[in-house]
Amino acid sequence: SGINAEYGSSGINAEYGGSDEKGEGTQDSPFKTPLQAMRHWGKEPFPTIYVDSKEEGQQFSVISQAQMKKLTKVYQREVNKAASKSKKEAEEAAKREANLEESKSITISEDPSLPAATASKINGLNQYRGQRVKVYGWVHRLRKQGKNMMFVVLRDGTGFLQCLLSDNLCKCYEALLLTTESSVRIFGTLKEVPEGKNAPGGHELDADYWEIVGRSPAGGIDNVLNVESNPDVMYQNRHLWIRGENQSKILKVRHATIKAFRDHYYDRDYVEVTPPTMVQCQVEGGSTLFKFDYFGEEAYLTQSSQLYLETCIPALGNVYCIAQSYRAESSHTRRHLSEFTHIEGELPFITFEQLLEALEDLVCDTAQRIMDSKYGQLVLDIHPEFKVPKRPFKRMDYKDALQYCKDHDIRKEDGTHFEFGDDIPEAPERKMTDMIGEPILLCRFPKAMKAFYMQPDLKDPIVTESVDLLLPNVGEIIGGSMRIYDEQELDAGFKREGISPDNYYWYVDQRKYGTTPHGGYGLGLERYLMWLLNSNNVRETCLYPRTADRCKP
């Protein structure tokens, strides 16, 4: 019976399992349903089909005549439907082939009697309404309307333009093969759309000629990516994903944000410097260093440019940099990257309170500049509820945060309460921040938790003059502190952390030659954008994310 039989589960008895996807129709590897057994056999008459037995001690029994009759009708409907579909597809394919052959005889060319076309980017077209223009771009969307009309939405990075291709322009061979993401050049007259109609920019291009510049495979990107693609597929094909409207908006807002930071610093007389990213010293702990061989010497990718910025303040005053930093920590949270854009600043002759005020000013002023720019609308497109926060920010000491967690039953993973000296991880930190619902300057962390260079609090030396800025939906986006400016205290910090000062001679010299109270901070641009755009993950706010499990494309 193993030769001329198919085994399937009726769905009544789940004890023996079975799979329509992986089953083989045998006693050892049955299908889940008898209908799949019919499909597997592929034609009538069917062999004896066995299903789960209702008899105790018996695994399979022959399917009942009534069930067999019912399922045979279902099978026949499937076969007829498939045959009808195949016939329709064959007819459509033959029709397409005939249309393609016919289209080869249709040629289009630019009419030399028309006025010369003015080349323009899409965002500059308003001034050319009523005139003939030519525009380059990628086919973002494509819609055919009957035989004599085709609507193409063109994208060039500056905006979107609806183009109308009619008559031979949409009947030629190139038009029939046109797909999304093809690059094209279109000539035509720019016309205001009629009242009651909508199009990007309020106008459309009535084309009189067009050319293909670069083809795209049939189906365009949709064959590779769509809204149902899992995150791994999206990040593997991020070079295509960024062509989407939302991702391109995020990258434009990122551009505007970097400009806003630079404008903020420029207007406040900071000087931008460009520190090295290949270094031989640590800043945030040796366990997160990317090591490499530097012509026979051990070197690292920088964790932070802070130490170099400190050397610049005696020469330049307030300084900042926008550079890449690297952390070799195997972290898979939504706010960690192995490479990120680090915005760092150092300020001489300030107090801790002045440092906190500088952070408030940085975040609020930069956000206001973005919202006042032409990119402000993009922020609201993505995050309609965004509002620039009000100053001053809430101040909270670390020990008060511990008490807040205890009072609001925010606990550690093991269910116990946080104690002095415990690090508050991302999830409970964000829970606290979201419950408070406003920016928090979390201050004065224990000395044992922080880096060797942080200045102890004069009133309470077991804590430091340190600060993390926490924002709703993200948590920490800035870490800062006053820096130790006494040489002996700095030496004690090296010893406490087990760091040899030999490679830090240039940093120690800052305490020898005219030391001064000073402070600074580092801001993660990707986290700032998470807050600004209400994004769920820092991977969405950078171009090509580098994480513990991804270093491509």
Side-chain angles (χ1 to χ4, degrees), residues 231 234-235 238 241-242 244-261 264 304 322-327 329 331-344 359-360 362-371 373 375-389 393-394 424-442 467-480 521-550:
M234 289 183 173
Y235 288 116
R238 187 152 172 81
W241 186 16
I242 59 176
E245 291 181 38
N246 195 62
Q247 284 300 308
S248 65
K249 284 180 181 179
I250 290 173
L251 292 177
K252 287 177 181 178
V253 172
R254 180 185 171 101
H255 152 73
T257 302
I258 292 173
K259 181 181 185 301
F261 275 111
H264 167 88
S304 165
I322 300 178
Q324 300 303 97
S325 287
Y326 306 86
R327 303 286 168 87
E329 52 188 322
S331 180
H332 297 83
T333 76
R334 68 190 195 106
R335 64 180 194 180
H336 279 88
L337 293 167
S338 298
E339 177 188 20
F340 64 98
T341 302
H342 212 171
I343 300 176
E344 300 181 84
L359 299 185
E360 292 173 333
L362 177 71
V363 170
C364 294
D365 179 65
T366 302
Q368 191 63 59
R369 289 172 187 267
I370 297 166
M371 299 310 295
S373 75
Y375 297 97
Q377 185 57 50
L378 297 185
V379 174
L380 296 176
D381 289 348
I382 301 169
H383 184 190
E385 294 82 27
F386 179 77
K387 293 180 181 176
V388 177
F393 294 169
K394 180 180 181 65
I424 304 177
E426 179 202 3
E429 176 190 83
R430 185 158 56 91
K431 185 176 182 180
M432 178 187 73
T433 307
D434 290 347
M435 288 176 70
I436 293 173
E438 60 179 302
I440 304 167
L441 289 166
L442 188 58
V467 57
D468 286 351
L469 174 60
L470 312 181
L471 293 178
N473 185 49
V474 182
E476 179 197 347
I477 72 159
I478 295 179
Y521 54 84
L523 176 149
L525 175 63
E526 289 77 14
R527 292 189 187 183
Y528 182 92
L529 288 165
M530 275 184 73
W531 164 70
L532 183 70
L533 300 174
N534 199 33
S535 296
N536 187 54
N537 199 303
V538 285
R539 301 181 188 195
E540 297 175 4
T541 60
C542 60
L543 182 58
Y544 290 109
R546 295 294 179 253
T547 62
D549 55 3
R550 179 167 296 282

What's the separation between atom CG in Asn537 and atom OH in Tyr235, rounded to the nearest 0.5 Å? 5.0 Å
Would you call Asn246 and Ile382 a side-chain contact if the rule is heavy atoms closer than 4.5 Å? yes
Could you grab the distance from atom CD of Glu540 to atom CE of Met234, nearest 0.5 Å is fine? 9.5 Å
Sorted by chain and number, sequence neighbours left out, side chain to side chain donor-acceptor pair (under 3.5 Å) with Lys259 holds for Asp263
Would you say the side chains of Gln324 and Thr341 form a donor-acceptor pair under 3.5 Å? yes
Side chain to side chain, Arg254 and Glu526, heavy atoms closer than 4.5 Å: yes
Closest approach of Phe386 and Ala367, non-hydrogen atoms and distance? CZ-CB, 4.1 Å
Calculate, to the nearest 0.5 Å, the distance between atoms CD and OG1 belonging to Gln247 and Thr541 respectively. 9.5 Å
Point-to-point distance, once rounded to the nearest 0.5 Å, from CD1 of Ile478 to CD1 of Ile343: 9.0 Å
Heavy-atom donor-acceptor pair, Arg546 side chain to Ser338 backbone, under 3.5 Å: no
Taking all atoms of both residues into account, what is the closest heavy-atom pair of His332 and Ala548, and its distance? NE2-CB, 3.9 Å
Which of Ile440, Leu469, Leu359 passes side chain to side chain contact (heavy atoms under 4.5 Å, CB included) with Phe393? Answer is Leu469
Keeping Arg527 on the side-chain end and Val538 on the backbone end, is there a donor-acceptor pair under 3.5 Å? no
Could you walk me through whether Glu476 and Thr433 satisfy the side chain to side chain contact (heavy atoms under 4.5 Å, CB included) test, starting with their C-alpha distance in whole Å, then the side-chain angles of each, then the deciding distance to 0.1 Å, before giving a yes or no? CA-CA 9 Å; Glu476 179 197 347; Thr433 307; over 6 Å; no
Kindly compute the distance separating CZ (Arg369) from CZ (Phe261), expressed to the nearest 0.5 Å. 11.0 Å
Pairing residues for Leu543 by the side chain to side chain contact (heavy atoms under 4.5 Å, CB included) criterion, not counting sequence neighbours: Ile242, Leu251
Any side-chain heavy-atom pair of Leu337 and Thr547 under 4.5 Å: yes
Under a 4.5 Å cut-off applied to non-hydrogen side-chain atoms, are Arg430 and Arg335 in contact? no
For Glu429 and Gly475 the tightest heavy-atom approach is OE1-CA, 3.8 Å
Would you say the side chain of Asp381 lies within less than 4.5 Å of the side chain of Leu378, judging by non-hydrogen atoms? yes
With heavy-atom distances below 4.5 Å as the criterion, would you say the side chains of Arg327 and Phe340 are in contact? yes
Are the side chains of Ile250 and Leu529 in contact, using a 4.5 Å heavy-atom criterion? no
Nearest heavy-atom pair of Asp549 and Arg539: which atoms, and what distance? OD1-NH2, 4.1 Å
Which atom pair, heavy atoms only, marks the closest approach of Val388 to Cys364? CG1-O, 3.7 Å
My understanding is that only residues two or more places apart in sequence, or in another chain, count here; which of them pass side chain to side chain donor-acceptor pair (under 3.5 Å) with His336? Ser331, Thr333
Checking the side chain of Tyr375 only, and the main-chain atoms of Thr257 only, is there a donor and an acceptor separated by less than 3.5 Å? no
Check: Gly479 main-chain N/O paired with Asp468 side-chain donor or acceptor under 3.5 Å: no
Under 3.5 Å donor-acceptor, Thr366 side chain and Val363 backbone: no
CD/Glu360 to CG/Leu362 distance, rounded to the nearest 0.5 angstrom? 11.0 Å
Closest non-hydrogen atom pair between Glu344 and Gly522, with its separation: CG-CA, 3.9 Å
Find out whether Trp531 and Pro389 are in side-chain contact, i.e. whether some heavy atom of one side chain is under 4.5 Å from a heavy atom of the other. yes
